[in-house]
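All remarks here apply to the structure that follows.
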Amino acid sequence: MALPAPIIAVLAAFEPLFTQPTWQRILVLVLGTLLGHGRRTVTAALRTMGYAADPHFSSFHQVLNRAHWSPLAVSRTLLRCCAATFLPADAPLLIVVDETLERRWGRHIRKRGHYRDPLLSGKGLAVSNSGIRWVVFALVVPVPWTRRRWALPFLSIAATPPEVSAAAGHRHRTVGDIAQLGCRLLHHWLPDRAWTLVGDGGYSIIDLGRAAQDQHGALLAPLRFDANLFEPAPPRRAKQNGRPRCKGAAVPKLETVLAAPTTTWTATCVTWYSGPARVVEWCSGTAVWYHGGKRPLSIRWVLTRDPTGSRALRAYFCTTPTADPVEMIRAYMQRWPLEVTLEESRAHLGIETHRQWSDRAVERSTPALLGLYSLITLCGQALYPQGDVPIARSTWYPKRTATFSDVLASVRQALWQAEGFCISAETPDIRILRATTLDRLLYAVCY
């Protein structure tokens, strides 16, 4: 199995995580999934790699449902590789988190439930679907072949319904609990790096903010306009009796600050969700967010409004009280690349097309396909470090910057060319193919 030297260098970081027999089978499955089209099943990967007649095909299925290897160790290595490749050594990490629904059916898939389908639902229309809900963590990085940032998934955890957790005898973990687990893993994997976790309104949780602070990180998320905000607790007097106060006097709610004529607004031009720059007016302050029975959380809040009135009012908070309000707004806009990543993964990597049903195989298959997105990006960077990725242009489509489909095509082309096609001695324009390579090419094209 010949591979280009840059791709060998990328894959070498993951080899120590597996036994040698398992690693050889994983290479077959990864390359077969990368080169294939359509459904990303184990059998499709084997056919693409020329293993259709292998009598030991079941050993490749066992990589997902039986082999002993740690998905968390793979996630840690993937995160470290992405951070080392695309970011300076001292740069803070911007981690985005969101949920995605993998539509799956089948009575043997125990981790599935019925959830609201965000792609089919809309205003006034709620559509539920059967599937597995994944909480996806991705690192936002700049890539040399485009001005837009990419979100590279490195960790995906299934959020099971309460009845499934009860049937399995496990404590039910909500999306917030899974996000807290992600905070602990981030600090454990990269203890010397500063990081900020960015989520939508579902992650606006006091406990999650405290968990991020305890793990030397930060949480950035939307804030309710009626949140209970207070001044910091006054200093304790000498010989004062009673329990220490955890908060001071109440401050006006954000909806009051928004309507107050004395509020000072500052206009700033920011890039709006990877689109054109727009003018946003904002005001900011610090407070203590408190709810009964929970530890108080020191935050910086930011209110934003559109001068033209065409966009809704927004409120955000960050668990770093000294954070720059403008940087908070810009960082929150970096959530959009994850939506693009999830859509590209469905279109090009076969999310929702594999047929694994056992618990262990399900927990490994979809995170592996999402992680393949990051692995392909790493291979593209290794092949084209200057960012000169070939772009598929046409007369009717004047494409200016490379997209994921271009990077994927470039990696596929490098893998096929590594097969070592011989040049005919009689006709230099003719390349000589081995019969097995020709069969693989024909299968990739025809099926």
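By convention here, the first residue in the shown sequence is residue 1.
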Under 6.0 Å from the [atom1] atom of [X], do we count more than 12 heavy atoms belonging to anything else shown?
| X | atom1 | value |
| --- | --- | --- |
| R360 | CZ | yes |
| R116 | CZ | yes |
| H37 | NE2 | yes |
| R80 | CZ | yes |
| H291 | NE2 | no |

**OP:** With R112 as the cation and W105 as the aromatic partner, state whether NZ or CZ is under 6.0 Å from the six-membered ring centre and within 45° of the axis.
**Re:**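 Negative - R112 is either too far from the ring of W105 or too far off its axis.
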State, with a plain yes or no, whether a side-chain heavy atom of [X] is found less than 4.5 Å away from one of [Y].
| X | Y | result |
| --- | --- | --- |
| R278 | R311 | yes |
| V42 | L29 | yes |
| D98 | V136 | no |
| L229 | Y290 | no |
| F86 | R149 | no |
| V141 | L87 | yes |
| T100 | R346 | yes |
| L197 | C183 | yes |

Contact summary for [X] and [Y], nearest pair of heavy atoms:
| X | Y | answer |
| --- | --- | --- |
| V362 | P367 | O-CD, 4.0 Å |
| T401 | W145 | CB-O, 3.8 Å |
| A83 | R193 | CB-NH1, 4.3 Å |
| C379 | V411 | CB-CG2, 4.0 Å |
| R173 | I178 | CB-CG1, 4.3 Å |
| L297 | G209 | CD1-C, 3.8 Å |

**OP:** State whether the side chain of S130 and the backbone N or O of H114 hold a donor-acceptor pair below 3.5 Å, judged by distance alone.
**Re:**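 No; judged by distance alone, with no hydrogens or angles, the pair does not exist.
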Original post:
Do T319 side-chain atoms and Q213 backbone N/O form a donor-acceptor pair below 3.5 Å?
Top reply: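 Not a single qualifying donor-acceptor pair exists.
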Without hydrogens or angle criteria, can the side chains of [X] and [Y] be said to hold a donor-acceptor pair below 3.5 Å?
| X | Y | answer |
| --- | --- | --- |
| T377 | W150 | no |
| T48 | R440 | no |
| W134 | E102 | yes |
| S405 | T403 | yes |
| E327 | Y332 | no |
| R300 | T286 | no |
| K247 | N228 | no |

Original post:
In terms of the angle between their ring planes, are F137 and F154 parallel, tilted or perpendicular, with boundaries placed at 30° and 60°?
Top reply: tilted
**OP:** Could you walk me through whether T41 and R355 pass the side chain to side chain donor-acceptor pair (under 3.5 Å) test, one step at a time?
**Re:** CA-CA 6 Å; T41 59; R355 297 176 179 176; 5.9 Å; no
Between [Y] and [X], does any NZ, NE, NH1 or NH2 come within less than 4.0 Å of an OD or OE carboxylate oxygen?
| X | Y | value |
| --- | --- | --- |
| D324 | R330 | no |
| D207 | R295 | no |
| D406 | K399 | yes |

**OP:** Return each pair, listed once, that meets salt bridge (Lys or Arg N to Asp or Glu O under 4.0 Å) where at least one residue sits in residues 31-50; pairs must be two or more places apart or across chains.
**Re:**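 Output for this query is empty, none listed.
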Which atom pairs, donor and acceptor, lie under 3.5 Å between side-chain atoms of residues 6-18 and protein residues at least two apart or in another chain?
none

**OP:** Report the residues that fulfil side chain to side chain contact (heavy atoms under 4.5 Å, CB included) with L408, sequence neighbours left out, ordered by chain and then residue number.
**Re:**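 L408: side chain to side chain contact (heavy atoms under 4.5 Å, CB included) contacts with L34, H348, I376, F404, R412.
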Subject >> From CA spacing to verdict: side chain to side chain donor-acceptor pair (under 3.5 Å), H56, Q62 >> reply: CA-CA 11 Å; H56 304 289; Q62 293 171 5; over 6 Å; no
Original post:
Below 6.0 angstrom between ring centroids: does that apply to W69 and W23?
Top reply: no
Original post:
Ring centres of W301 and Y316 under 6.0 Å apart?
Top reply: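 Distance test on ring centres: not under 6.0 Å, no.
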